[in-house]
Amino acid sequence: LDDPLQMSLAERAFSFYGKNRKSLYDTVSVSKVRVLYATDNFYGWHRESKGFNSFMDACEKLNAEAVPYIVATEQDIAAMGSRELLVVPDVRYLSQSLYDAIAEAGARGVKILPLGLAGLYDENGKEREKDDPIIGFKLVKNKVEDVPCEFKVALSERGIMAETQVNGR
């Protein structure tokens, strides 16, 4: 670093990390957004190499919109509460159990943001009947079209985090 002020700030920051390592690594995220890591979809799309890409696309969307998130699996959905958002990437390969977990979360008040197709096939690649309610999450409650404002971090004009809200009500 050529700038003395930046060098000084960097030294202070790294000194702080060095002294407080344990507490820094033991922190728990307060993010209220979960991105579903849907292995059903990865197995189904392995030949097309798109299953993981749909997950990465969802993460990139959240990053671009300044939305802090945590990666969640099917087992994590049951613990989500009504003030949280579940982002569901394109899950065209979807098991009944994963669909049930998503539908139950929506019924509990969790906001559900589907990004792409949902449930066209089961986890083994068997195509579902066109009128199957799993397709498109037809019966899932609490669906949203985009990330609600309360989950976004405010940015300055230059795209720098201007404020965050921790444990907001």
When every non-hydrogen atom of G119 is compared with those of I135, the smallest separation belongs to O-CG1, 3.3 Å
The side chain to side chain contact (heavy atoms under 4.5 Å, CB included) partners of K143 (sequence neighbours excluded) come to I112, P114, F137, V140
- Is the shortest heavy-atom distance from the side chain of E123 to the side chain of L94 under 4.5 Å? no
To the nearest 0.5 Å, atom CD1 of I102 lies from atom CD of E74 at 8.0 Å
Heavy atoms of G109 and N142 approach each other most closely as O-ND2, 2.6 Å
Item to complete: Check for a donor-acceptor pair, side chain of D90 on one end and backbone N or O of S54 on the other, with a separation under 3.5 Å.
Response: no
Hey, can you tell me if Y37 and F55 have their rings parallel, tilted or perpendicular (30° and 60° cut-offs)?
perpendicular
Next on the checklist: Between I70 and V33, is the side chain to side chain contact (heavy atoms under 4.5 Å, CB included) condition met? List the steps.
Outcome noted: CA-CA 6 Å; I70 298 171; V33 178; over 6 Å; no
Check step by step if side chain to side chain contact (heavy atoms under 4.5 Å, CB included) holds for V67 and V87.
CA-CA 11 Å; V67 179; V87 178; over 6 Å; no
Mind checking whether L113 and V147 have side chains closer than 4.5 Å, heavy atoms only? yes
TODO: Kindly indicate, with the supporting measurements, whether the criterion salt bridge (charged side-chain N to carboxylate O under 4.0 Å, His left out) is fulfilled by K130 and E127.
DONE: CA-CA 9 Å; K130 299 295 181 215; E127 190 170 2; 2.8 Å; yes
### Task
Answer whether the closest heavy-atom distance between the side chains of L85 and V144 falls below 4.5 Å.
yes
Does D146 reach the side chain of E65, with side-chain heavy atoms less than 4.5 Å apart?
yes
Next item on the list: Would you indicate whether the side-chain heavy atoms of E150 and K111 approach each other to under 4.5 Å?
Entry: yes
Rounded to the nearest 0.5 angstrom, the CG-CE distance for N63 and M56 is 8.0 Å
Rounded to the nearest 0.5 angstrom, the CZ-OH distance for R128 and Y93 is 11.5 Å
Is any side-chain heavy atom of S95 closer than 4.5 Å to one of D122? no
Tested for salt bridge (Lys or Arg N to Asp or Glu O under 4.0 Å) against E84, the lone hit among K32, R34, R108 is R34
Between T73 and D76, a side-chain donor and acceptor under 3.5 Å:
yes
Counting C-beta onward and ignoring hydrogens, is there a side-chain heavy-atom pair between P89 and D57 closer than 4.5 Å? no
>> Please check: side-chain N/O of D132 versus main-chain N/O of I134, any donor-acceptor pairing under 3.5 Å?
In response: yes
Whether D131 and K138 form a salt bridge (side-chain N of Lys/Arg under 4.0 Å from carboxylate O of Asp/Glu) is what I want to check. no
To the nearest 0.5 Å, atom CG of L117 lies from atom CZ of R92 at 4.5 Å
One should read off an interatomic distance between K61 NZ and Y69 OH, to the nearest 0.5 angstrom, of 13.0 Å
Just so I know, are the side chains of L86 and I77 near enough to count as touching, which here means a heavy-atom distance under 4.5 Å? yes
